[in-house]
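Values below: all heavy atoms of this structure, side chains included; hydrogens, waters and symmetry mates excluded. Numbers restart at 1 for each chain; the letters A, B, ... are given by sequence-line order, proteins then strands.
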Amino acid sequence: MAVTYEKIKECKQSGARLGRLHTPHGTIDTPIFMPVGTQATVKAMTPEELKAIEAQIILSNTYHLYLRPGHKLIEKAGGLHKFMNWDRPILTDSGGFQVFSLGDLRKISEEGVDFRSHLDGSKHFISPEKAVEIQNALGSDIIMAFDECAPYPAERHYVKNSLQRTTRWAKRCKQAHQNPDRQALFGIIQGGMYKDLREQSAQEIIELDFPGYAVGGLSVGEPKPLMYEVLEYTTPLMPQDKPRYLMGVGTPDCLIEGVIRGVDMFDCVLPTRIARNGTAMTSIGKVVIKNAKYIEDFLPLDPNCGCYTCKNYSRAYLRHLYKAEEILSARLVTYHNLYFLIDLMKKIRTAILEDRLLDFRNSFFKQYGYEV
RNA sequence: GUGGCUGUAGUCAAGCGGUUAAGACACAGGAUUGUGGCUCCUGCAUUCGUGGGUUCAAUUCCCAUCAGCCACC
């Protein structure tokens, strides 16, 4: 098996899991946040910088790399790790979500998905087999099953059909997978916001026996309490000895609440995207660095942060860089935001170890400005 | 000094007699959750250089004045 999960302990206060994930490119501490590097790069960050902030694993994307530069080219380059100069673990998303968000550019059938490239309008077809073939060529440590992510809100019968198709596709993905000893294929549980459909999906997917499972179809626009509710009845259905991955989640409160509900892995574009749009996540809440009130603010972005950006630059300078559309703006704020979330996960792991995750949540929320 | 042209938001400007003075950029605020460095939403001129006149009605026409630009001396 390419990837194995080792549970270290459970938080007595919250039930959250502390563990380790062993992969071909190293061991990861969980719960973990995975920075997203869609196009074989975490935008604005070099691999050396990612290591400096202790990123242990990053995400990349099948759909985008297939379209550009092409998985064959990356295979020729010696695989994704070598191509992008990252020797730690990589997880690739299957492209299911991209297809879902492509809107009217795509048509889903039992066989797969016909779509037009968002880059040049060219026609393409991705099936479960194709998605696995691409990911096999990329050589990522963890590959994801090609699923269908239902929108929110969605009718019950639509979600049911979609989840059943996701199960059939998961089977095909497993069959198509060429090297389960070097790459772990994770299954994805769907079912929207319907409890019995989540149960059905979990049962069907888990029956196929994957080395890890993801909860998909959340964080698609539903209210947070609803997402927490779905998680609450979904994670208990998942095996204790396998990693659990909540796809697409990345606000500080959702990360903490997700861990409390038994999630081990998260990924999200939020920290890197909002960084490029002039917003930082800090210990005292969101700081919209582009706001005029920071014109003469010579304090660090986050006075409680020890990252390179906070140690060396002021809010006034960061605001100036943003307004002047300087590249360094994206670099410095991205650096900070990723540092902040990775550091948050470290604090979460320590809190689990010390059986005080609920206390940690309450104090963190209070300082951040969330309602407890 | 003489002749001509132009003055509308921070900037570039449309409107040239008739309801709440286009648009763009900038600026200000917001959004952003398995990433299109994309983008979206909202706000921003009680007033058209200034003063007077004509008219039911003036950013629009007339006069004066001020400012800028161009040409000639």
Value in whole Å for how far the [atom2] atom of [N] lies from [atom1] of [X]:
{"X": "A/Lys43", "N": "B/G36", "atom1": "NZ", "atom2": "P", "answer": "8 Å"}
{"X": "A/Asp120", "N": "B/G36", "atom1": "CG", "atom2": "P", "answer": "15 Å"}
{"X": "A/Gln39", "N": "B/G37", "atom1": "CD", "atom2": "P", "answer": "6 Å"}
{"X": "A/Arg244", "N": "B/G34", "atom1": "CZ", "atom2": "C1'", "answer": "19 Å"}

**Report entry** Separation between the C1' atoms of B/C72 and B/U19, rounded to whole Å
**Finding:**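 Their C1' atoms lie roughly 48 Å apart.
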Query raised in the report: Which of parallel (below 30°), tilted (30 to 60°) and perpendicular (above 60°) describes A/Tyr213 and A/Phe210?
Result: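 Rings of A/Tyr213 and A/Phe210: perpendicular, over 60°.
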Report task. Could you tell me how the ring of A/Phe115 sits relative to the ring of A/Tyr66: parallel (under 30°), tilted (30 to 60°) or perpendicular (over 60°)? Result ->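 A/Phe115 vs A/Tyr66 ring planes: perpendicular.
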Query raised in the report: Side-chain donor or acceptor of A/Asp147 under 3.5 Å from a matching atom on the base of B/G34?
Result: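 Side chain to base: pair present.
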Query raised in the report: Mind checking who B/C69 pairs with, Watson-Crick or G-U wobble, both distances under 3.5 Å?
Result: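 Partner of B/C69: B/G4.
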Query - Lys/Arg-Asp/Glu bridge criterion (N-O < 4.0 Å) met for A/Arg331, A/Glu49 - result: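 So A/Arg331 pairs with A/Glu49 through a salt bridge.
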What nitrogen or oxygen pairs link the protein and nucleotides 28-32 of chain B at under 3.5 Å?
| from | atom 1 | to | atom 2 | distance (Å) |
| --- | --- | --- | --- | --- |
| B/A28 | OP1 | A/Arg319 | NH1 | 3.3 |
| B/A28 | OP1 | A/Arg319 | NH2 | 2.9 |
| B/A28 | OP2 | A/Lys323 | NZ | 2.5 |
| B/G29 | OP1 | A/Ala292 | N | 2.8 |
| B/G29 | OP2 | A/Ala292 | N | 3.4 |
| B/G30 | OP2 | A/Asn291 | OD1 | 2.9 |
| B/G30 | OP2 | A/Asn291 | ND2 | 3.1 |

Query - Face-on cation placement of A/Arg315 at A/Phe298 ring, 6.0 Å and 45° thresholds - result: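 So A/Arg315 doesn't make the cation-pi contact.
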